[in-house]
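For reference, the structure discussed in these notes is given below.
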Amino acid sequence: MGIIAWIVIGLLAGIIAKVIMPGKDPGGIIITMLIGIAGGLLGGWLGKVLFGVDSIDGFFELSTWIAAIVGSLILLALYRLITGNRHSHRHA
């Protein structure tokens, strides 16, 4: 798949991750889109490393989308942990 396809998958995976994990995130839609793109790449890599499967088969393959969404969820959770701790220290 080309870089444009990964960007599109990442953007959509970021939106889906945000729907699955709703909440107010600092950074807004731009950060969510970047998390989605990076999460798509992370999910593809994790699928290959942990399960030995090529989860980057193609744009319309279910495994590609699942990997991208799982990667986006992982990064969104980590982002919230990091920024949540940063914001709580400012107000404490």
Side-chain angles (χ1 to χ4, degrees):
M1 285 192 325
I3 189 72
I4 302 296
W6 268 115
I7 291 172
V8 171
I9 287 173
L11 293 174
L12 295 173
I15 292 168
I16 293 168
K18 182 73 169 169
V19 169
I20 293 171
M21 290 177 59
K24 189 171 182 177
D25 296 317
I29 190 74
I30 301 296
I31 298 298
T32 302
M33 290 188 307
L34 293 174
I35 288 172
I37 293 168
L41 296 172
L42 174 67
W45 179 77
L46 285 175
K48 190 167 190 108
V49 170
L50 295 178
F51 303 111
V53 297
D54 190 12
S55 57
I56 311 169
D57 290 332
F59 188 85
F60 295 105
E61 295 292 325
L62 183 61
S63 61
T64 301
W65 286 93
I66 290 173
I69 293 167
V70 168
S72 295
L73 286 169
I74 291 169
L75 288 184
L76 184 58
L78 287 174
Y79 177 71
R80 286 182 180 177
L81 282 174
I82 292 168
T83 59
N85 289 340
R86 193 177 301 158
H87 288 293
S88 65
H89 291 302
R90 285 187 200 161
H91 299 292

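Quick caveat: nothing in here was measured; it's all calculated off a predicted structure.
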CG-CD1 distance between Leu42 and Ile37, expressed to the nearest 0.5 angstrom = 13.5 Å
key: Nearest-0.5 Å distance, CD1 of residue Ile16 to CH2 of residue Trp65   = 6.0 Å
task = Could you pull out the closest heavy-atom pair between Arg80 and Met21, with the gap in Å?
result = NH2-O, 2.5 Å
inquiry  = Hydrophobic cluster membership, with links at side-chain heavy-atom distances under 4.5 Å among I/L/V/M/F/W/Y: are Ile69 and Val19 in one?
reply    = no
inquiry  = Is there a side-chain contact between Thr32 and Ile15 in this structure, where contact means two heavy atoms from C-beta onward sitting under 4.5 Å apart?
reply    = no
Show me the side-chain donor-acceptor pairs of residues 70-78 shorter than 3.5 Å, one per line, residues at least two apart or across chains.
{"residue": "Ser72", "atom": "OG", "partner": "Gly36", "partner atom": "O", "Å": "3.4"}
{"residue": "Ser72", "atom": "OG", "partner": "Ala68", "partner atom": "O", "Å": "2.9"}

